[in-house]
K.L.:
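The structure that follows is given in the form of structure tokens.
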Amino acid sequence: VGLAAFGHEIFDVRKDIDELDVGDLDDDEADLPYHFLQEKKRKQQPPVKFEPGMDPMSLMGAGGGMEMSFVVLKHDKAVELGKEGTDKMASVWKGMMENGGVN
């Protein structure tokens with residue numbers, strides 16, 4: 001049985017429907033490529049909150065590849081520590097990050 005629509009002829013409707021893969025409509029992640037899915041999951045995780053005394057090695061990703069870390073010192077803590085305390089904290093964190101392999 002053949003159907004003609006818009007200049008295209010369909011010879012086997014059931015086979016044509018079987019070959020039309022639209023994916024799993026109930027699962028929006030079923031047809032995503034592996035790396036895209038991993039990146040999507042990574043972006044959904046909350047950022048790590050830095051606390052004084054944290055081990056910088058615990059902040060490094062286990063997936064290999066290039067990693068980037070940012071540390072932010074809040075103004076109220078900087079005022080509390082003063083110039084000397086802030087400089088000391090920056091030096092300690094810089095040393096820990098360098099020892100941890102983060103540049």
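Only heavy atoms go into these numbers, but all of them, side chains included; no hydrogens, no water, no symmetry mates.
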K.L.:
Checking Lys40 now: which residues fulfil salt bridge (charged side-chain N to carboxylate O under 4.0 Å, His left out) with it, not counting sequence neighbours?
P.N.:
Asp28, Glu29
K.L.:
So which pairs with a foot in residues 70-79 pass salt bridge (charged side-chain N to carboxylate O under 4.0 Å, His left out), sequence neighbours left out?
P.N.:
Lys77-Glu80
K.L.:
Among residues at least two apart in sequence or on other chains, which ones pass side chain to side chain donor-acceptor pair (under 3.5 Å) with Arg14?
P.N.:
none
K.L.:
Looking at Gln44, I want to see if its CD is surrounded by more than 12 non-hydrogen atoms of other residues, nucleotides or ligands under 6.0 Å.
P.N.:
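Yes.
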K.L.:
Tell me every residue that passes salt bridge (charged side-chain N to carboxylate O under 4.0 Å, His left out) with Lys83, counting only those two or more places apart in sequence or in another chain.
P.N.:
Asp87
K.L.:
Can you list everything that forms a side chain to side chain contact (heavy atoms under 4.5 Å, CB included) with Ala90? Sequence neighbours excluded, please.
P.N.:
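Here no residue qualifies.
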K.L.:
If you compare all heavy atoms of Leu73 against all heavy atoms of Ala78, which two are closest, and at what distance to 0.1 Å?
P.N.:
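Closest approach of Leu73 to Ala78, heavy atoms only: CD2-CB, 4.0 Å.
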K.L.:
Sequence neighbours left out, what passes side chain to side chain donor-acceptor pair (under 3.5 Å) with Lys88? Give chain and number order.
P.N.:
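Listed in chain order: nothing, the list is empty.
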